[in-house]
Amino acid sequence: MRQTGTVATEVDISAREAEVLNLVGAHLSNAEIAARLCISVRTVESHVSSLLRKLEVPDRRALARRAPEPAGAAPSPAPVLPAPLTSFVGRASERAELAELIKANRQVTAVGPGGVGKTRLSLAVAARAAGEYADGVWFADLVPVTDPGLVATAVAGAVGLGEEPGRDLTESVAAALADRHALLVLDNCEHVLDGVALFTERLLAACPRVTVLATSRARLMVPFERVYTVPPLSLSADSGSDAVALFMERAAAAGRPLDPALRDQVASVCERLDGMALAIELAAARCSTLGLDGIAAALSHPLRMLTGGSRADERHRSVRGALDWSHALLEPADRALLRRVSVFVAPFTAAAAAEVAGDEEGIVAEGLARLAEQSLLVVTAAPGGTGYRALETIRQYGMERLSEADELAVTRSRHVRWCLERADGLAVAREGWRAGFDAVADDLRAALTWAADRPERRAEAYRLARCLAELTFTRNLIGESQERYEQAAALAGDDAAAPMLRQAAAVAGCRMRGDDMYRLQRAAADAARRSGDLTGAACDLATAAANACRFSGKFVRELPPEETDALITRARELAGGDAAAEAAVALAEAGRALTEVGAEEGLDDAVQATIARAERAVELARRTGDPLAESAALDTLTCARSWAGDTFAAAGTARRRITLLSSAPETPAGTHELIEALGEAAEAGIGTGDLPGARRWARRLAEHPLLAEVGHRATGWLLVADALAGDVEDVLSGGVRFLDAWQRAGRPARSVLGPPAAAVAMTHALRGDLDASREWSAVLGRLDDSPGNTRGYGAVFDALPLLHRGQAAEALERLAPEPGEVWQWVTWIWLHWYVALRAEAAVLAGSPDARDRVAGARAVVAGNPVAGAIVERAGALLDGDREALPALAAAFDAAGCRYQSARTLVLAGGAHASRGAATLRDLGLAPMAPAPAPPEG
């Protein structure tokens with residue numbers, strides 16, 4: 001198709017590529033796009049790589065700007081091509097040399113002074129080499145990165161990755177590229193060398209087919225680095241001079257084509273500029289106004305040209321000389337504007353420049369246009385209108401001039417205030433906030449870095465850190481969010497530190513970092529105690545203890561029970577009768593008691609005592625009016641009731657929790673609770689046979705933006721619910737996301753991921769695709785080899801296809817243990833399914849105790865619409881009452897279980913069997929084995 005809109009030129013892109021382009025324009029990550037389009041992340045990456053090539057843009061940000069405007073959106077100004085899109089001139093030998101180096105070495109650094117042309121050369125080489133890398137070329141500009149620890153964040157953004165809870169972004173990038181054959185270009189590394197060196201070392205160790213091409217003013221100083229020194233442009237006066245060719249072309253582009261007879265004079269100018277590409281471009285841009293003779297005369301002042309040049313690098317002096325010269329030719333107002341806008345690290349609008357420069361917007365807009373005309377600024381397309389940016393060499397020059405003019409503090413202060421206003425606006429924005437945040441995020445970080453080092457700006461730095469923490473959490477950059485909350489706590493006084501540390505702890509919980517969550521909650525207690533808030537400290541200590549019990553699976557270090565007990569004791573001492581503190585202590589005590597339950601059978605008294613403790617914790621939390629505290633207590637009560645085998649009561653508390661959280665604030669703590677609650681509610685629906693409810697909660701979990709990058713965790717319970725309901729297409733598409741995300745995450749072994757893998761394996765078995773079923777069974781074996789698989793849910797998912805194929809005896813053998821023997825593994829979710837299928841297998845296999853099993857199963861599953869119907873179907877088959885089966889099929893339909901409805905009709909025989917077989921075909925399932933003959937007698 002032809003994709004037009006804001007795309008500058010018509011380009012042939014496919015319908016799917018158009019969909020991907022639209023979603024890139026909406027600032028979605030590759031994983032979010034994959035989930036939206038039900039395709040794999042690798043497929044999205046292929047489409048993005050293709051779009052980068054077809055639209056001839058260097059990176060993902062530029063690609064987002066080429067996406068069509070959403071329907072109904074106000075038209076944006078026509079984009080102006082940025083300077084990097086000008087033609088690349090000469091350097092044939094350098095391109096060949098650098099291309100050979102990246103073929104032979106996995107990490108090459110193109111080094112040279114600012115302005116020599118490192119970026120343009122590297123982009124030209126990367127563009128030509130793109131076809132040699134099966135998985136494409138990725139470009140990350142590190143100019144906006146102010147913290148070496150955020151190098152991986154910049155690369156992840158370029159590659160299209162979001163953060164995966166439970167691992168840092170370097171791990172995520174390495175996992176995403178582990179089996180890729182790709183070239184990664186890291187541009188402008190000099191100010192974050194340590195971060196780049198560490199990131200590159202970890203990346204290359206994990207990704208044997210990835211090559212890194214870096215550009216920097218200094219080498220990375222790592223043993224695996226191959227350095228290529230980028231030379232100035234060749235200076236010979238003949239037709240082979242790259243410097244002369246560049247000057248002639250840029251002068252012509254500026255409206256002053258030069259007579260070829262002037263090549264010697266041009267060569268003289270280029271020689272004075274030492275062949276530095278940026279200096280030549282700046283001089284050529286002046287040719288239309290000064291003429292070649294004027295340029296030559298202006299460059300005849302060596303003292304001015306060499307002022308402030310680097311003593312370490314003669315070539316850098318020519319760039320500085322050209323900048324000094326260009327700067328001297330500006331009007332004083334334009335000089336002031338250039339140095340003041342140099343505080344922006346990302347593209348900025350005229351309105352933003354006016355606020356920071358302290359002048360009227362109309363005057364500033366005219367000044368920006370003049371600076372762009374002199375090639376000192378590059379014009380870009382920006383979401384808020386025409387944007388401007390300075391090349392990094394010019395920006396650094398402007399910062400030096402800002403310091404020399406003694407304007408650094410006042411201009412930086414205005415920039416900080418501008419950033420705070422933008423951050424406040426984003427905090428309340430409901431539409432377009434992703435694009436808005438991405439446009440200013442780098443400036444927010446740069447402003448914070450500056451303000452945090454100045455005691456007089458501590459209050460503003462605290463506000464900015466807090467805003468960044470909130471915004472990055474909303475943007476799902478949760479690793480940075482935790483870091484910013486901790487930074488805000490360090491910048492705040494003790495009164496404000498404790499709340500920031502509590503939020504940081506909640507973010508750590510969302511990240512699956514239990515040890516961090518524990519550390520930060522205890523740090524909050526210390527801060528609260530220092531500020532005199534003893535009851536707040538009691539809440540924090542009790543919460544740390546409760547979380548150690550509730551989220552033990554998120555911890556690396558196993559906390560000794562005596563450590564948890566000590567926290568509870570100290571929290572009780574500090575509580576002082578405060579309602580919130582007493583509720584927190586009660587929750588911790590209930591959680592601690594729950595950890596003692598379930599180790600062995602015969603603990604009925606302990607279970608009932610724990611339930612009583614949890615009910616008290618719920619009541620105390622309810623009195624505080626804090627929905628998050630009540631949710632945490634309900635979670636503990638749900639677990640206690642599930643251990644007691646009270647499936648319906650446990651499900652009831654799980655649903656209460658969801659209702660409670662529907663009005664809770666969208667804070668890190670609220671998000672952490674909600675994600676946990678959605679999973680628990682989905683489990684409850686599966687366990688009680690409420691498949692529509694289970695799918696509803698599971699779908700909310702699968703669509704939660706915080707889990708976009710961890711599709712294996714996000715889709716787990718939805719896969720289980722869909723499989724049990726018989727929605728084959730949803731299982732197959734969801735399985736793609738699950739498997740893709742699990743592989744990208746490094747194939748972690750997690751028992752909680754076992755049920756969805758077993759559900760997909762079962763679905764393939766029901767389809768008759770035994771090869772696919774075996775592949776998923778192998779995945780299941782890697783995920784979970786615990787008794788929960790071998791004796792619990794695994795038996796349920798194995799029995800269903802065995803019964804489908806008429807292998808009732810084998811199904812009965814798989815379900816041989818009495819429920820009481822495997823109670824730990826079938827309690828809560830799987831008990832009803834286990835006993836119902838066990839009763840059916842006994843009937844179909846002709847087991848002599850079939851009638852007793854059916855009777856026993858009826859007592860267990862009473863109230864469960866799906867398991868109850870399975871048992872009643874078994875009873876009808878046992879009695880030879882096939883006329884009862886159509887009504888049971890209708891009951892399955894009402895319960896949202898189309899597979900069991902179709903199975904029931906097949907078992908009914910006659911005309912019903914034809915309808916059931918047709919439904920199975922529609923579902924994409926293999927035919928069932930013929931219905932067994934009624935049992936004799």
Side-chain angles (χ1 to χ4, degrees), residues 114 143-148 150 188 190-192 307-308 310 320 323-324 326-328 330-361 363-365 367-368 371 376-377 388-426 439-469 471 484 487-488 490-493 496:
V143 165
V145 178
T146 56
D147 182 345
L150 293 178
N188 293 295
E190 55 273 352
H191 59 302
V192 284
T307 297
S310 168
R320 182 176 297 280
L323 289 170
D324 284 339
S326 290
H327 185 264
L330 297 174
E331 294 295 326
D334 290 348
R335 293 180 202 167
L337 181 59
L338 179 64
R339 63 179 180 259
R340 290 169 187 169
V341 298
S342 66
V343 298
F344 288 101
V345 295
F348 55 90
T349 63
E355 288 189 48
V356 171
D359 211 337
E360 293 181 15
E361 184 175 343
I363 294 173
V364 168
L368 294 174
L371 292 173
L376 292 169
L377 292 178
Y388 301 85
R389 68 178 179 87
L391 298 177
E392 181 60 9
T393 300
I394 296 173
R395 196 185 73 81
Q396 291 184 8
Y397 177 86
M399 290 297 293
E400 292 177 9
R401 288 294 188 176
L402 197 62
S403 294
E404 291 169 5
D406 198 25
E407 295 179 350
L408 181 61
V410 66
T411 306
R412 280 289 199 188
S413 297
R414 289 196 196 109
H415 184 242
V416 168
R417 287 195 295 274
W418 178 83
C419 287
L420 282 169
E421 289 174 4
R422 301 289 82 70
D424 290 341
L426 287 169
V440 300
D442 292 327
D443 276 300
L444 299 183
R445 293 169 180 133
L448 176 56
T449 298
W450 178 81
D453 288 337
R454 285 156 180 80
E456 71 277 10
R457 298 291 171 194
R458 190 181 184 93
E460 289 174 313
Y462 162 71
R463 280 185 59 205
L464 199 48
R466 189 191 66 209
C467 287
L468 253 178
L471 290 169
R484 299 303 181 191
Q487 186 177 17
L491 290 165

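Everything quoted here is computed from the prediction, not taken from an experiment. Throughout, numbering of the chain's residues begins at 1 and tracks the sequence.
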Q) Can you name the closest pair of heavy atoms from S413 and W450 and give their distance? A) OG-CH2, 3.8 Å
Q: Could you pull out the closest heavy-atom pair between G367 and D334, with the gap in Å?
A: CA-OD1, 3.7 Å
Q.
What's the separation between atom CD in E460 and atom CG in L491, rounded to the nearest 0.5 Å?
A. 12.0 Å
**Q.** Smallest separation among heavy atoms of H415 and A447, with atom names
**A.** ND1-CB, 3.8 Å
Q.
With a sphere of 6.0 Å drawn around CG of D406, does it hold more than 12 non-hydrogen atoms of other residues, nucleotides or ligands?
A. no
Q: Any chance you could measure L330, atom CG, to L371, atom CG, to the nearest 0.5 Å?
A: 6.0 Å
Q: Please name all residues satisfying ring-ring contact (aromatic ring centres under 6.0 Å, His included) with H327, sequence neighbours left out, ordered by chain then number.
A: Y397
Q: Among R340, R422, R414, R417, find the one that has a salt bridge (charged side-chain N to carboxylate O under 4.0 Å, His left out) with E355.
A: R422
Q: Search all heavy atoms of V341 against all heavy atoms of A353 and return the closest pair with its distance.
A: CG1-CB, 3.8 Å
Q | L448, L468, V440, D443 screened by side chain to side chain contact (heavy atoms under 4.5 Å, CB included) with C419, the one that passes | A | D443
Q.
To the closest 0.5 Å, what do you measure between CG (L471) and CZ (R466)?
A. 10.5 Å
Q | Trace of the salt bridge (Lys or Arg N to Asp or Glu O under 4.0 Å) decision for R401 with E404 | A | CA-CA 5 Å; R401 288 294 188 176; E404 291 169 5; 3.2 Å; yes
Q.
Looking at every heavy atom in both V364 and A350, which two are closest together, and how far apart are they?
A. CG1-O, 3.9 Å
Q) Where do L338 and I394 land on the side chain to side chain contact (heavy atoms under 4.5 Å, CB included) test, with the steps shown first? A) CA-CA 9 Å; L338 179 64; I394 296 173; 4.3 Å; yes
Q: Show your working on side chain to side chain contact (heavy atoms under 4.5 Å, CB included) between T411 and R339 and close with a plain yes or no.
A: CA-CA 9 Å; T411 306; R339 63 179 180 259; over 6 Å; no
Q: Locate the shortest heavy-atom distance separating A328 from R335; write the atom from each residue and the value.
A: O-NH2, 3.0 Å
Q: Could you check if a side-chain atom of I363 sits within less than 4.5 angstrom of a side-chain atom of L337, using non-hydrogen atoms only?
A: no
Q) Atom OH in Y388, atom CG in L368: separation rounded to 0.5 Å? A) 5.5 Å
Q: To the nearest 0.5 angstrom, please state how far the CG atom of L376 sits from the OG atom of S342.
A: 12.0 Å
Q.
Nearest 0.5 angstrom please: D147 CG to R445 CZ, how far?
A. 9.5 Å
Q.
Less than 6.0 angstrom separating the ring centers of F344 and W418, yes or no?
A. yes
Q: Inspect the surroundings of CD in E456 and state if more than 12 heavy atoms from other residues, nucleotides or ligands are less than 6.0 Å away.
A: yes
